[in-house]
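Following: one structure in structure tokens, then a few remarks.
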Number of protein chains: 2
Amino acid sequence: MSGVRAQQKEKTRRLLIDAALNQLSAERSFSNLSLREVAKEAGLAPTSFYRHFSDMDELGLTLVDEAGLTLRQLMRQARQRIAKGGSVIQISVQTFMELIESNGNIFRLLLRERSGTSAAFRAAVIREIRYFTMELRDYLQQANQLDAEVAYMQANAAVTIVFSAGSDALDIDDKNEREQLAQQTIQQLRFIARGAAELSDRRKAGKK
Amino acid sequence: MSGVRAQQKEKTRRLLIDAALNQLSAERSFSNLSLREVAKEAGLAPTSFYRHFSDMDELGLTLVDEAGLTLRQLMRQARQRIAKGGSVIQISVQTFMELIESNGNIFRLLLRERSGTSAAFRAAVIREIRYFTMELRDYLQQANQLDAEVAYMQANAAVTIVFSAGSDALDIDDKNEREQLAQQTIQQLRFIARGAAELSDRRKAGKK
DNA sequence: ATAAACAGCGTACAAGTGTACGCTTAAATG
DNA sequence: CATTTAAGCGTACACTTGTACGCTGTTTAT
């Protein structure tokens, strides 16, 4: 079992995934992408699609997984940069904005399918975002000595703000405008961090 | 010109609008709604649709207008309640959550088309939300004596948080869970308010 | 060496789409 | 009253969609 066959299969599976990803854009969402178009882009006959996915939905869920992976890469990269010193918030936002610039399509997928029409998709996207939020919560709780619940609320708010800013950034061409958006986002995250720190302190004081 | 004809026309136009609105749901977005389906739901022949709208896009933009109207109603209602005393943030969130419960479909439309595939739609939705944000900014600036830019950042963050919570609320059936979400949202808005107030104070002090 | 498995293709079909065109019928206009 | 206007309908057409089915050629298993 040299695996020549399996290897080839994996290769064209990848072709399909990339074909779908490449067709995504501001004016093209996954949900109005047809099986035939994806197959065509991948250089396959429409019916060959079924050798790899039973459905467009199945392909879509694979893409969401891919997006989750990207999100985790983001988190890791931000951590590495933070370890070298500097403002945590600033570095995080900057890293996030870089990701959006280089992976706009996959990020669009997440944003759109989060409020999309397929329950399975919504669930998958929400799961990825929740995972991301929880990781941030753990970090905040430990790094800032926060009350657990407060840390969650901060993480949740921060993710919401950053994702929303990311969505806006996708529609902005001008470099200066994007920088301005980033600065605003940083300030907003600081608002939240400040409020969270205070509440956490108040809770600790109350318990004593 | 008694207007019997014009009156009837307006009536079936309304029929089309309502037909579209009624077909929206968690699993049905405007963009995958066909002209034929809308016409059928309204009890019209497909081709009669064109007597009222040249396009599904035109109908869609009308719906966005409708949503903007709803948003302004919301703002007015919240103001009335606030005038009678109570926590501004709490009342606002509660009013918003009530709106979502009674107008889920129109709210879904806004959320979805904001990151949808039609540039015209996106622009229209963003315009409505910006209008809403600006009104909140003016209120915050005046009521809390804030620096103008800080007031904008607070308003922007608050709208983002509330809309995101609204989107989540649409997927929650359990009454208690929704209440919990509301409480969390209130707390997050307080984080932001606190951070904004501080920055505004700091800026004022710096200028003196 | 022989047989089985299987990725990929071409054909074919039913279903649904937007919309052009001409007709009918009732209101508006003169 | 006579004429024009226009909302609504039915038919028709060209497309696109998902997918069922059977064939081919190559890799894998025996």
Side-chain angles (χ1 to χ4, degrees), chain A residues 1-25 27-63 112-113 116-121, chain B residues 1-25 27-63 112-113 116-121:
Chain A
M1 46 173 163
S2 69
V4 170
R5 202 186 198 88
Q7 206 171 324
Q8 182 57 32
K9 179 163 185 181
E10 185 56 33
K11 215 170 174 179
T12 81
R13 180 189 146 98
R14 194 68 234 169
L15 234 51
L16 280 170
I17 292 176
D18 289 340
L21 226 35
N22 284 333
Q23 305 220 3
L24 293 181
S25 72
E27 40 279 311
R28 211 84 170 68
S29 79
F30 183 81
S31 46
N32 59 39
L33 209 64
S34 78
L35 183 153
R36 286 174 110 105
E37 283 173 308
V38 174
K40 190 181 211 174
E41 172 86 8
L44 289 187
T47 51
S48 298
F49 180 95
Y50 296 107
R51 302 288 182 199
H52 302 272
F53 303 97
S54 69
D55 232 24
M56 276 294 281
D57 275 16
E58 201 173 306
L59 207 200
L61 290 176
T62 305
L63 290 188
R112 283 183 175 145
E113 300 309 327
T117 75
S118 154
F121 270 38
Chain B
M1 47 172 162
S2 70
V4 169
R5 203 184 195 92
Q7 207 172 323
Q8 182 57 32
K9 179 164 186 182
E10 185 55 33
K11 216 169 171 178
T12 80
R13 180 189 146 98
R14 195 67 235 170
L15 234 51
L16 281 170
I17 293 176
D18 289 340
L21 226 34
N22 285 333
Q23 305 219 10
L24 294 180
S25 72
E27 40 279 311
R28 212 81 170 70
S29 78
F30 182 80
S31 48
N32 59 38
L33 209 64
S34 77
L35 182 154
R36 286 175 110 105
E37 284 173 309
V38 174
K40 191 182 213 173
E41 172 86 6
L44 289 187
T47 50
S48 298
F49 180 95
Y50 295 106
R51 302 288 181 196
H52 302 272
F53 302 98
S54 69
D55 231 23
M56 276 295 281
D57 275 17
E58 202 173 307
L59 208 199
L61 290 176
T62 305
L63 291 188
R112 282 181 176 145
E113 299 309 328
T117 74
S118 154
F121 270 37

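Because the structure is a prediction, the values reported are computed rather than measured. Sequence lines set the chain letters: A, B, ... in the order given, protein chains first and strands last, and positions in each chain run from 1.
Side-chain contact between B:Y50 and B:L35: present, with at least one pair of heavy atoms (C-beta onward) separated by less than 4.5 Å. In this structure the side chain of A:T12 reaches within 4.5 angstrom of the side chain of A:Q8, judged on heavy atoms. Looking only at side-chain heavy atoms (C-beta outward), B:F53 and B:R13 come within less than 4.5 Å of each other.
Where B:Y50 and A:G43 meet DNA chain C, the nucleotide closest to each residue was compared, and A:G43 sits on the side nearer the 5' end. Of the residues near DNA chain D, B:R36 and A:A6, the one whose nearest nucleotide (by heavy atom distance) lies more toward the 5' end is B:R36.
Rounded to a whole Å, the CZ atom of B:R13 is 12 Å from the P atom of D:dA7. Summarising the geometry, the separation between NZ on A:K11 and C1' on C:dC6 is reported as 18 Å, rounded to the nearest angstrom. If you measure from atom CG of A:N32 to atom C1' of D:dG18, you get 16 Å, rounded to the nearest angstrom. Straight-line distance from the CG atom of A:D57 to the C1' atom of D:dG18: 13 Å, rounded to whole Å. For the pair A:D55 CG and D:dT17 P, the computed distance is 16 Å after rounding to whole Å. To the nearest angstrom, P of D:dA7 lies 15 Å from CG of B:L15. Across the protein-nucleic acid pair, A:E58 atom CD and D:dG18 atom C1' stand 16 Å apart, rounded to whole Å. Put simply, CD on A:E10 is 11 Å from P on C:dG8, counting in whole angstrom units.
Residue A:V4 has its side chain nearest to D:dT28 when only C:dT19, C:dG8, D:dT28 are considered.
Regarding contacts with the backbone of D:dT17, a side-chain N or O of A:S34 is found under 4.0 angstrom from either OP1 or OP2. The side chain of A:S48 places an N or O atom within less than 4.0 Å of a non-bridging phosphate oxygen (OP1 or OP2) of C:dC9.
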List every contact pair, protein side and nucleotides 21-23 of chain C side both N or O, where the distance is under 3.5 Å.
none

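Atom CG of B:L61 and atom OG of B:S118 lie 6.5 Å apart (nearest 0.5 Å). With values rounded to the nearest 0.5 angstrom, B:F30 atom CZ is found 14.5 Å from A:T117 atom OG1.
Side-chain atoms of B:R5 come within donor-acceptor range of the base of D:dA6, with a qualifying N/O pair under 3.5 Å.
No donor-acceptor pair closer than 3.5 Å links the side chain of B:N22 to the backbone N or O of B:A19.
Partners of B:E37 under the side chain to side chain contact (heavy atoms under 4.5 Å, CB included) rule, at least two apart in sequence or in another chain, are B:Q23, B:R28, B:L33, B:S34.
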